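Have a look at the structure below, then the notes.
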Amino acid sequence: MRRRIIAGNWKMNKTPSEAVALVNELKNLVNNPEVDVVYCVPAIDIVPVCEAVKGTNVKVGAENMYIEDKGAYTGEISPDMLVDAGVSYVIIGHSERREYFGEDDEFLNLKVKKAIEKGLTPILCCGESLEQRELGITMDWIRMQIKSGLAGVDKKDVANMVIAYEPIWAIGTGKTATSDQAQEVCKGIRDCISEMYDKETSESVRIQYGGSMNAGNAKELLSKPDIDGGLIGGASLKAEFGDIVNA
Ligand code: PGA
């Protein structure tokens, strides 16, 4: 049985002091030993948030990282820095990184491999635009993102990672995919991994849904057999996040 994983993606929100206040506000609300709870936070919040979650069930994730160990890459954060600070997960290939920062599948594949090499668990994001959905090429697009993103990754590492299916049209729009739409794609991702590796690997990888998930729709989405958790943006910044964890 796959363990549920509910991750907050704080995006570019919360100063360090606000971040600590939020962690403290959520502390008792997210205390559910049956679920992996992760806060993916802005780089500058990582150190204070790691400190603030000490002694709780919450793990900390980064929203991004660079593909090199160290050196002349002004403004970037290395995986070793994340690990040393206490980070366990890293979001890779969020649609906002792809769209605003030009990150392509080839570059994201390097990030996935680097994260794994350093012992970080990648949360690899994929998702189609509204145009692609209307053209009926959702699954073709997602399969391409998955195959490129995982190219050359060992099956034992794939088995331990997390994939987040986030339809772009549902992110931050209040327009959630129906649970059937989300299930269909999450199953498609699992089938794709089964073809690339084997059934055992595909049964082990955890697949999240993301895109306007909230306390009202989480239970229904999480009831689907191939949806193992959620990647939550807006609703992760308030007490509502606790309701999603406990859904
Ligand atoms: P949202 O964002 O929950 O605000 O739609 C999800 C995400 O971008 O990860």
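Small disclaimer: the values here were computed from a predicted structure and weren't measured. Along the sequence shown, the residues carry numbers beginning at 1. Read the numbers this way: they start at 1 and go in the same order the structure lists the ligands and their atoms.
The immediate protein surroundings of ligand 1, defined as residues with any heavy atom under 4.0 Å of it, consist of Asn9, Lys11, His94, Glu166, Ala170, Ile171, Gly172, Gly211, Ser212, Leu231, Ile232, Gly233, Gly234.
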- Query: Taking it one step at a time, do Glu131 and Trp169 satisfy side chain to side chain donor-acceptor pair (under 3.5 Å)?
  - Reply: CA-CA 9 Å; Glu131 292 84 340; Trp169 48 271; over 6 Å; no
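For the pair Met12/Glu96, no side-chain contact is recorded, criterion being any heavy-atom separation below 4.5 Å from C-beta on.
Ion pairing between Lys14 and Asp45 fails under the 4.0 Å rule for side-chain N and carboxylate O. Contact check on Glu203 versus Arg2 returns a salt bridge, with a Lys/Arg side-chain nitrogen under 4.0 Å from an Asp/Glu carboxylate oxygen.
Among Val87, Asn13, Val60, the single residue meeting the side-chain contact (heavy atoms from CB on, under 4.5 Å) criterion with Val41 is Val60. Tested against Val58 for a side-chain contact (heavy atoms from CB on, under 4.5 Å), the candidates Val30, Val245, Leu26, Val23 yield a single pass: Val30.
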